[in-house]
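The block underneath contains the structure these notes are about, expressed in structure tokens.
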Amino acid sequence: MCGRFALSKLPAELLEEFEIHTGQSASQLPLLPADWNITPTRTIYLVRNDSKNQRELATASWGMIAGWSKDRESALKSQSQAINARSESIAEKPTFRSAFRNRRCLIPADGYYEWATELGPYSPKQPFYISSEKWESGRTSLAFAGIWDRWISPEGEIVDSAAIITRPAVGFLATVHSRMPTFLPKERWDAWLDRTNQDCDEATAMMKLDMPDHGLRAIPVASLVNSIRNNGPELITPIELGEPQTLF
DNA sequence: CCAGACGTTGTT
DNA sequence: GTCTGG
DNA sequence: CCAGACGTTGTT
DNA sequence: GTCTGG
């Protein structure tokens with residue numbers, strides 16, 4: 001799945017990489033600090049289409065706040081339980097289905113973290129950092145498939161929130177963890193973001209890739225990332241992994 | 001009809 | 001808001 | 001996702 | 001053990 005990730009890019013870089021050529025000015029966008037330990041409920045960048053169906057860069061809080069939340073407390077409570085949406089059931093779940101039809105987005109990331117569980121050959125809680133194998137050559141971001149929603153607080157505050165779509169892990173990623181984020185390659189972005197396309201079946205088809213783990217690599221990293229108090233580029237420094245640890 | 005849930009992951 | 005369970 | 005809390009009363 | 005906060 002995906003419960004922690006990294007993003008160090010500036011708005012101007014994201015506008016270029018995500019091909020947002022609709023006149024949005026980077027200087028007018030919120031500047032989020034580089035963050036190698038982004039946690040649920042924090043503010044993240046989204047790529048989505050605006051009401052005129054023009055691609056834009058926006059920000060939102062990570063974790064879906066259901067539109068019917070009555071107060072801030074219940075909104076926050078539900079949000080931290082909806083940081084991911086299963087691709088297998090997203091079209092039916094009450095919390096997600098309308099966003100899946102009408103408010104799809106991309107969530108940019110340098111990379112994300114996965115903690116190896118007992119399913120894999122590693123000790124529990126061994127973190128891995130997964131990113132594009134082209135990061136060093138071109139600072140290539142990952143594009144998570146996501147959905148977003150808008151909640152109006154009782155005080156009238158507009159709060160946008162978003163969830164990352166997950167799927168069963170495949171290939172080498174399955175050796176680390178049983179779930180993985182759903183990625184979308186560049187050639188699918190247009191159709192995915194198109195707000196005139198409100199067909200669940202088509203959206204579901206867009207998430208199906210021949211090689212969902214294509215172009216990715218996973219590296220073991222120190223457990224520094226485990227604590228949300230730690231941050232910085234050192235969190236993604238590769239470490240040597242000894243023999244897989246077993247319980248005696 | 002009203003009340004209560006509405007989510008994921010991992011672990012058991 | 002909308003569906004499910006009682 | 002992991003880490004850290006997990007409680008009340010009264011007083012400031 | 002389970003929930004909350006970040």
Side-chain angles (χ1 to χ4, degrees), chain A residues 1-7 32-44 59-103 107 109-120 122-131 142 144-154 159 161-169 173-182 198 200 207 218 220-232 235-236 247:
Chain A
M1 70 169 299
C2 184
R4 215 71 82 76
F5 68 96
L7 182 71
L32 303 183
D35 194 336
W36 288 268
N37 205 348
I38 300 173
T39 60
T41 71
R42 298 301 86 193
T43 303
I44 59 175
T59 57
S61 180
W62 180 14
M64 283 285 279
I65 298 172
W68 58 78
S69 298
K70 299 257 185 309
D71 53 59
R72 195 165 293 273
E73 189 189 347
S74 63
L76 289 171
K77 198 168 172 178
S78 68
Q79 172 176 41
S80 54
Q81 296 168 319
I83 64 174
N84 296 143
R86 294 174 69 94
S87 58
E88 303 96 313
S89 57
I90 190 171
E92 282 83 38
K93 296 288 184 183
T95 308
F96 301 133
R97 63 193 168 197
S98 105
F100 185 58
R101 267 189 278 107
N102 306 314
R103 291 178 302 280
I107 296 167
D110 294 358
Y112 69 101
Y113 302 94
E114 206 74 274
W115 280 263
T117 62
E118 294 167 69
L119 294 174
Y122 309 105
S123 63
K125 299 279 181 73
Q126 168 60 50
F128 286 78
Y129 179 68
I130 296 121
S131 57
L142 305 179
F144 300 138
I147 52 176
W148 65 277
D149 205 349
R150 177 161 290 176
W151 181 67
I152 316 274
S153 78
V159 184
S161 61
I164 294 169
I165 303 175
T166 63
R167 50 158 293 140
L173 284 178
T175 66
V176 177
H177 196 82
S178 61
R179 307 282 303 171
M180 64 182 275
T182 300
Q198 303 183 350
C200 286
M207 296 191 291
V221 295
S223 55
L224 264 181
V225 67
N226 289 25
S227 172
I228 60 175
R229 290 172 305 188
N230 297 323
N231 211 320
L235 269 58
I236 63 169
L247 292 174

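Sequence lines set the chain letters: A, B, ... in the order given, protein chains first and strands last, and positions in each chain run from 1. A quick note: this is a predicted structure, and the numbers were derived from the prediction, not measured.
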Whole-angstrom distance between D:dC6 and B:dA3, as gauged at atom C1': 29 Å
*Please measure how far the C1' atom in B:dT8 lies from the corresponding atom in D:dC1, and state the result in whole Å.*
11 Å
By side chain to side chain contact (heavy atoms under 4.5 Å, CB included), A:I38 pairs with (sequence neighbours left out) A:F5, A:L7, A:D35, A:R42, A:I44, A:W62
A:S74 meets the side-chain hydrogen bond (donor to acceptor under 3.5 Å, both in side chains) criterion, sequence neighbours left out, with A:D71
Exercise. What is the nucleic acid contact for A:W115, judged by heavy atoms within less than 4.0 Å: base, sugar-phosphate only, or nothing?
Worked result: sugar-phosphate
Given the C1' atoms of E:dT2 and B:dT12, what is the spacing between them in whole Å?
14 Å
Those residues at least two apart in sequence (or on a different chain) that pass side-chain hydrogen bond (donor to acceptor under 3.5 Å, both in side chains) with A:R103 are A:S98, A:D149
Whole-Å distance, A:K125 NZ to B:dT9 C1', equals 13 Å
A:Y112 atom OH is separated from D:dC2 atom P, nearest whole Å, by 14 Å
Taken to the nearest 0.5 Å, the spacing of A:I107 CD1 from A:L142 CG works out to 12.0 Å
A:E114 CD to D:dC1 P, in whole Å, measures 8 Å
What's the gap between D:dG7 and B:dA5 when it is taken at their C1' atoms, as a whole Å value?
29 Å
From CD1 of A:I228 across to P of D:dA3 the rounded distance in Å is 10 Å
> Hey, does A:F96 reach any base, or is it just sugar-phosphate, or nothing, if we go heavy atoms under 4.0 Å?
Replying inline: sugar-phosphate
Nt span of DNA chain C in reach of chain A heavy atoms at under 4.0 Å, 5' end first, is C:dG1 to C:dC3
From CE of A:M180 across to P of B:dT9 the rounded distance in Å is 13 Å
Salt bridge (Lys or Arg N to Asp or Glu O under 4.0 Å) filter on A:E88, not counting sequence neighbours, yields A:R86, A:R179
- prompt: Under 4.0 Å between a side-chain N/O of A:R179 and OP1 or OP2 of B:dT9, yes or no?
  reply: yes
A:S227 meets the side chain to side chain contact (heavy atoms under 4.5 Å, CB included) criterion, sequence neighbours left out, with A:R229, A:N230
Interatomic distance, CZ@A:R101 vs CZ@A:F96, rounded to 0.5 Å, equals 14.5 Å
Pairwise C1' distance for B:dT9 and C:dC3, with rounding to whole Å: 24 Å
Taken in chain and number order and not counting sequence neighbours, the residues that satisfy side-chain hydrogen bond (donor to acceptor under 3.5 Å, both in side chains) with A:W151 are none
Taken to the nearest whole Å, CZ/A:R42 to C1'/D:dA3 is 14 Å
The side-chain hydrogen bond (donor to acceptor under 3.5 Å, both in side chains) partners of A:Q79 (sequence neighbours excluded) come to A:S61
Separation between CG (A:N84) and CZ (A:F144), nearest 0.5 Å, reads 9.5 Å
Taken in chain and number order and not counting sequence neighbours, the residues that satisfy salt bridge (Lys or Arg N to Asp or Glu O under 4.0 Å) with A:R150 are A:D160
Whole-Å distance, A:F5 CZ to D:dC1 C1', equals 12 Å
Whole-angstrom distance between D:dC2 and B:dT11, as gauged at atom P: 8 Å
note: A:K70, atom NZ; B:dA3, atom C1'; distance rounded to Å ~ 12 Å
Query raised in the report: If only side-chain N and O atoms of A:T39 are considered, is one of them under 4.0 Å from the OP1 or OP2 phosphate oxygen of D:dA3?
Result: no
* Under 3.5 Å: donor-acceptor pair, side chain of A:N37, backbone of A:R4 -> no
message: By the 4.0 Å heavy-atom rule, please label A:T41 as base, sugar-phosphate, or nothing.
response: base
Here the helical stems involving DNA chain B, each at least 3 consecutive Watson-Crick or G-U pairs closer than 3.5 Å, sorted by first residue number, are B:1-6 with C:1-6
- Task: May I ask you to evaluate whether A:T166 reaches the phosphate of B:dT9, defined as a side-chain N or O under 4.0 Å from OP1 or OP2?
- Result: yes
Under 3.5 Å, which N/O atoms of the protein pair with N/O atoms of nucleotides 4-6 of chain D?
unit_1 : atom_1 : unit_2 : atom_2 : d
D:dG4  : OP1    : A:R229 : NH1    : 3.4
D:dG4  : OP1    : A:R229 : NH2    : 2.9

By side chain to side chain contact (heavy atoms under 4.5 Å, CB included), A:A6 pairs with (sequence neighbours left out) A:W36, A:D110, A:Y113, A:Y129
Exercise for the section: Under 4.0 Å between any heavy atoms, over every strand shown, what does A:S87 touch: base, sugar-phosphate, or nothing? Just pick one. Expected result: nothing
